[in-house]
Protein chains: 2
Amino acid sequence: MPPYDPSAFPPFAVTVDLVVLTVRSHSLCTLVVRRGETPFRGRWALPGGFVRADEDLGAAAARELAEETGLRAHDPGAPHPVPDHGAHLEQLATYGAPERDPRMRVVSVAHLALAPDLPAPRPGGDANSARWAPVEELLDQARAAGDDSPDALAFDHAQILSDGVERARSKIEYSSLATAFCPPEFTVGELRRVYEAVWGVSLDPRNFHRKVTGTPGFLVPTGGTTTRQGGRPAQLFRAGGATLLNPPMLRPEV
Amino acid sequence: MPPYDPSAFPPFAVTVDLVVLTVRSHSLCTLVVRRGETPFRGRWALPGGFVRADEDLGAAAARELAEETGLRAHDPGAPHPVPDHGAHLEQLATYGAPERDPRMRVVSVAHLALAPDLPAPRPGGDANSARWAPVEELLDQARAAGDDSPDALAFDHAQILSDGVERARSKIEYSSLATAFCPPEFTVGELRRVYEAVWGVSLDPRNFHRKVTGTPGFLVPTGGTTTRQGGRPAQLFRAGGATLLNPPMLRPEV
DNA sequence: GATCATAGTCGTCTTCCTGACGATAAACAC
DNA sequence: GTGTTTATCGTCAGGAAGACGACTATGATC
């Protein structure tokens, strides 16, 4: 089979960028790394890198995630849920404006990862340093200072982050995805605090408890209890097999 | 600024593929073109093509859509809705498995377009011919005959089509997107038949009427009436400004 | 022109879900 | 013990949806 005519199409570089979200001290945080190279040297950016020649897009995202955080990604397409507790990873969207990278044509396939609270990030790859930053802070900076401010994220990463956060906010409404922010065993209160942090609202503990325990297949009790949040001991649960929440959890109007 | 080191990343070709959906004679249909070139010569495929060197991804999708159907795409990011009746166009997902194209590494950014019923497609580009095919027929063939059957879609297009249909099915639940399948003025019954065709169910006309007319901003009456569906004359409506449907339209369990 | 078929529109009733909130339970700190 | 914190159960009113009856206005058929 003859190869394609190389003049028929221009060459592109393809990268993956990661929006890694977690909940730390009651606020939604994302992983950012400081760029050590031009362009945008010294600015914060989402972790990411080039897709290798024989690598699938999802595999590239999983590799970058492991390099930056040590997390193993769950493959949503796997026939059985992976028993150990890795991160949820899904494709978010693809960004390919011609001038988004000043040096050449780069198309970036952004991915969204949701992880339970992690120890401080281990710097790796081309990053001088890495940190968990509250998303509100990052997005407010981009809105207030403009994209050219030294506090703003590099490239179009503010847009990618914004899209990723919106995806997470809407997806926990109608799926069990919020459990991806929790450790393997968790209490109803811990799950409620995840919703509160992601949505930036406060929820009625009694109605929330009724909703999540009344949805078949959403939570399965492990039998244990814990007092790690203080107060009366709470039942421990694992995520059940149900992935869709029907009817959905309603996000309160602001 | 020095260019990137070319050895740091492998070259990719980037294409856009289109899932163009419409409702014809009470069933959900998609546009497919017959391939005139290897690979998969003679097989049906989704329309698409290479992204040009200075072209944004959305612009490439809009260009391909216009070439294949003559439709102009609405830009969802535009500050005001475009008054004329083009198609809804949005990015769907990106497919980049290393062997998805046998000749070289191709990453395809799939887009989803929703259009009102159109005249027979005009063949264009590299397609020998084009047709509207019922999606159930196409997907059943892929499932029954396997991907190597001559009836199956080329490349991974059965997967892309399946993802696009699922996106459309879920998105009309909580948005006013179903109006994109309708002409500029339409009746409640015509809108209901769109939902019925996309979901493959039948809906109660009375409850549907109550739901869509009771949601503020969803439909605005034009004052006219029509009897083009037979029976009692029905009020004509245009799509209102509301894009989100809250609470959502509930898809009946199968 | 009467009858019929077709489609549209308005109501009613029951059931389910949610939001608001009272009350009780079981731990810890002092 | 008292107070504080968190968890859990229960009650009640309001809203939305499913099921379905009733009526209306057109064109088609006899």
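Note that these values count all heavy atoms, side chains included, but never hydrogens, waters or copies made by symmetry.
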[X] [atom1] to [N] [atom2], straight-line distance once rounded to whole Å:
X: Asn207(B); N: dG8(C); atom1: CG; atom2: C1'; value: 14 Å
X: Phe208(A); N: dA20(C); atom1: CZ; atom2: C1'; value: 17 Å
X: Leu236(B); N: dT26(D); atom1: CG; atom2: P; value: 14 Å
X: Leu250(B); N: dC16(C); atom1: CG; atom2: P; value: 15 Å
X: Asp204(A); N: dC17(C); atom1: CG; atom2: C1'; value: 14 Å
X: Gln229(B); N: dT9(C); atom1: CD; atom2: P; value: 12 Å
X: Met249(B); N: dG18(D); atom1: CE; atom2: C1'; value: 14 Å
X: Asn246(B); N: dA16(D); atom1: CG; atom2: C1'; value: 12 Å

Taking only N and O in the side chain of [X], is any of them less than 4.0 Å away from OP1 or OP2 of [N]?
X: Arg228(B); N: dT26(D); result: no
X: His209(A); N: dT8(D); result: yes
X: Lys211(B); N: dA17(D); result: yes

Residue whose nearest DNA chain D nucleotide is more 5′ - Gly230(A) or Pro233(B):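 Final value for this comparison: Gly230(A).
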5' priority, DNA chain D, between Pro247(B) and Gln235(A) [closest heavy atom]: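 Nearest nucleotide further toward 5': that of Gln235(A).
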NZ/NE/NH1/NH2 to OD/OE distance under 4.0 Å, Glu68(B) and Arg131(B):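 Arg131(B) and Glu68(B): not salt-bridged.
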Glu137(A) with Arg143(A): basic N within carboxylate O range, under 4.0 Å: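 Looking at Glu137(A) and Arg143(A), the cut-off is not met.
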Sugar-phosphate only, base, or nothing, as touched by Arg193(B) at under 4.0 Å among non-hydrogen atoms: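 The residue Arg193(B) makes sugar-phosphate contact but no base contact.
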Looking at [X] and [N], is any side-chain donor or acceptor paired with a base atom of the opposite kind under 3.5 Å?
X: Arg210(A); N: dG19(C); answer: yes
X: Arg206(B); N: dG8(C); answer: no
X: Arg232(B); N: dT24(D); answer: yes

Phe208(B) and Tyr195(B) aromatic centres sub-6.0 Å: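 Judged by ring-centre distance (under 6.0 Å), Phe208(B) and Tyr195(B) do meet the cut-off.
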Contact nearer the 5' end of DNA chain C, comparing Glu190(B) with Arg251(A):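 Nearer the 5' end of the strand: Glu190(B).
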Gap between atom OG1 of Thr187(A) and atom NE2 of His209(A) - 0.5 Å precision: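 Answer for the NE2-OG1 pair, His209(A) versus Thr187(A), is 9.0 Å.
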Leu18(A) vs Leu89(A) side-chain heavy atoms within contact, under 4.5 Å: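 In contact.
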